[in-house]
Undergrad: 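Before I ask anything, let me first share the structure, which is written out below as structure tokens.
No experiment lies behind these values; they were computed from the predicted model shown. Lettering follows sequence order; numbering is per chain, from 1.
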Number of protein chains: 2
Amino acid sequence: MRNAPDTKRNSKAPTQVLSATLSLFTQKGYFNTSVHDIARESGVSIGSIYHHFKDKEGVASALYNNLIDRMEAELSQIMNTHSSAHDRCRAVIEMLFSITEKEPEVMEFMLYAKHSEFLPNEVPVCSSKPFELMREMVKQGMTTGEIRVMDVMVASTCLFGGSIRMITSRLDGLLPKPLSSYLDDIWTCSWRAVTAK
Amino acid sequence: MRNAPDTKRNSKAPTQVLSATLSLFTQKGYFNTSVHDIARESGVSIGSIYHHFKDKEGVASALYNNLIDRMEAELSQIMNTHSSAHDRCRAVIEMLFSITEKEPEVMEFMLYAKHSEFLPNEVPVCSSKPFELMREMVKQGMTTGEIRVMDVMVASTCLFGGSIRMITSRLDGLLPKPLSSYLDDIWTCSWRAVTAK
DNA sequence: GTCTATACGACGATAGAC
DNA sequence: GTCTATCGTCGTATAGAC
């Protein structure tokens, strides 16, 4: 029913590799992780890894794009289930905080890794679709009058910048309590920063 | 009149090395820069580099601590020449913006590099003296009633987080105009976020 | 203090059997 | 599709002359 009749079923190697890679990259960084490490951690041999991915950078690239796609899906979901900029932006921060607590590695790799050093050909996170969607929310908030009219970049940065830095602080172990316990305070500050009244 | 009578005068090699290193690390990153690169760029031989520094990490470490010290000096200066939290914090942002425009490499290395990956033994930036001073300013602002009473970490992050992300955006080339042209808007947002009324 | 030449290890990537 | 064994390169660090 599928494509090739005789070849083996699609293996689960790639997902195992990506999962192990996320752990290793967030713990030790891209350059401190060897392909041997990935093979050991994932239980997949080097040969297989190179069969499924072009090279080490290809592994990182696949991982990166996977996570960007996932983020974009989450943001679209929020875009669709909320109508005001206020509700949308708050939901975004809540979502980011939640992922940070449940899957710190995902956030670590998305927001904290210096992709440009090992993925020179990928579009930087801040120019990626998810970040564009966040700016779009802010923009719409200006047209509805919820948010003061100003440079969209400035407004977006002020509205989300605090939360993003709270996330990195949490990942650095500087915050004793889970992010959810700071959410109300952060949101009060962030919204006051850009709202009209 | 100095210490050793016969040995050559203290060479300027170390400063040349650190200067070249800053350029290379910010352009290509720590791991993409070899000691050979540093030798070539600085005009100092490998042997000399290893004479002055323990190893490659030692070069990075010296650079890092130099810049931290410099930042601390700038912040102390601001602490002494301004009295209110309002004036101090605004001056800090102005200073950070100014350095970003005049010496982008300094900010790039301070705020954007993932030090933990190549300087595992150094204290992270966010726990360094300069960042502590910034939190101290915020703390004092709460006692004087300028800033709403809340978790100091939350307030500091909200007050400075937007500006710090503007800096990284600027370094990423996402902002067409120099940071100074956004300063007033950013400050309005940031201060509204934490101020009492 | 400065240099050149070299030793040595690690890692990315491939070959080729199963 | 998966594996093991191996190759070649590059980069850190040292030795030792000046």
Side-chain angles (χ1 to χ4, degrees), chain A residues 1-25 27-64 113 115 117-122, chain B residues 1-21 23-25 27-64 115 117-122:
Chain A
M1 231 30 142
R2 285 304 187 91
N3 40 13
D6 55 282
T7 62
K8 197 69 185 306
R9 275 290 133 261
N10 284 342
S11 74
K12 54 185 167 42
T15 62
Q16 287 175 322
V17 169
L18 291 182
S19 164
T21 300
L22 178 58
S23 290
L24 290 166
F25 283 3
Q27 280 166 37
K28 320 201 296 174
Y30 177 87
F31 294 101
N32 292 317
T33 301
S34 71
V35 182
H36 277 100
D37 291 335
I38 298 176
R40 195 179 327 111
E41 181 88 4
S42 65
V44 174
S45 69
I46 289 210
S48 272
I49 294 176
Y50 277 95
H51 176 79
H52 290 285
F53 303 92
K54 181 174 173 291
D55 52 17
K56 186 184 174 185
E57 186 181 326
V59 178
S61 174
L63 178 59
Y64 181 70
H115 309 110
E117 285 182 10
F118 56 93
L119 289 174
N121 301 320
E122 299 290 332
Chain B
M1 229 34 140
R2 284 304 187 90
N3 40 13
D6 55 283
T7 63
K8 197 71 186 305
R9 277 288 134 264
N10 283 343
S11 75
K12 54 188 168 40
T15 62
Q16 288 175 323
V17 168
L18 291 182
S19 165
T21 301
S23 289
L24 290 166
F25 283 4
Q27 281 167 35
K28 321 201 297 174
Y30 177 87
F31 294 101
N32 293 318
T33 301
S34 72
V35 181
H36 277 102
D37 291 335
I38 298 176
R40 193 177 332 108
E41 181 88 6
S42 65
V44 174
S45 71
I46 288 212
S48 272
I49 295 176
Y50 278 95
H51 175 79
H52 289 286
F53 303 92
K54 181 174 172 290
D55 52 17
K56 186 183 174 185
E57 185 181 326
V59 178
S61 175
L63 179 60
Y64 180 71
H115 308 110
E117 284 182 11
F118 56 93
L119 289 175
N121 300 320
E122 300 289 332

Undergrad: Output a table of nitrogen or oxygen pairs between the protein and nucleotides 13-16 of chain C separated by less than 3.5 Å.
TA:
from	atom 1	to	atom 2	distance (Å)
C/dA13	OP2	A/Y50	OH	3.1
C/dA13	OP2	A/K56	N	3.1

Undergrad: Please tell me which of B/G43 and A/Y30 maps to the more 5' nucleotide of DNA chain C, matching each residue to the nucleotide holding its nearest heavy atom.
TA: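 Closest to the 5' end, via its nearest nucleotide, is B/G43.
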
Undergrad: Residues in ring pair (Phe, Tyr, Trp, His ring centres under 6.0 Å) with B/F53, at least two apart?
TA: none

Undergrad: Identify which nucleotide among D/dT4, C/dG1, D/dG1 has an atom closest to any side-chain atom of A/S45, counting heavy atoms from C-beta outward.
TA: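 Comparing D/dT4, C/dG1, D/dG1 against the side chain of A/S45, the answer is D/dT4.
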
Undergrad: Kindly compute the distance separating OG (A/S34) from NZ (A/K28), expressed to the nearest 0.5 Å.
TA: 6.5 Å

Undergrad: Take the protein atom CG of B/N32 and the nucleotide atom P of C/dG12, then report the distance between them rounded to whole Å.
TA: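 In whole Å, C/dG12 P lies 12 Å from B/N32 CG.
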
Undergrad: Output yes when at least one side-chain N/O atom of B/H51 is less than 4.0 Å from OP1 or OP2 of C/dT2, else no.
TA: no

Undergrad: In this structure, how many angstroms lie between the P atom of D/dC10 and the CZ atom of B/R40, rounded?
TA: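 After rounding, the gap between these two atoms is 13 Å.
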
Undergrad: Do A/H115 and A/Y64 come close enough that some side-chain heavy atom pair is under 4.5 Å?
TA: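 Yes - at least one pair of side-chain heavy atoms lies under 4.5 Å apart.
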
Undergrad: Cation over ring, A/K56 on A/F118, under 6.0 Å and within 45°?
TA: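 Verdict for A/F118: no cation-pi partner in A/K56.
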
Undergrad: Can a side chain N or O of A/S48 be found less than 4.0 Å away from OP1 or OP2 on D/dC3?
TA: yes

Undergrad: Tell me the interatomic distance from A/I49, atom CD1, to D/dT4, atom P, rounded to whole angstroms.
TA: 11 Å

Undergrad: Testing the basics here: between B/E117 and A/N32, what is the closest heavy-atom pair and its distance to 0.1 Å?
TA: O-ND2, 3.0 Å

Undergrad: Please determine if a side-chain N or O atom of A/S34 lies less than 4.0 Å away from the OP1 or OP2 oxygen of C/dA10.
TA: no

Undergrad: Mind listing the closest non-hydrogen atom pair of A/L24 and A/T33 along with its distance?
TA: O-OG1, 3.5 Å

Undergrad: Please report, rounded to the nearest Å, how far the C1' atom of D/dC10 is from the CZ atom of A/F31.
TA: 14 Å

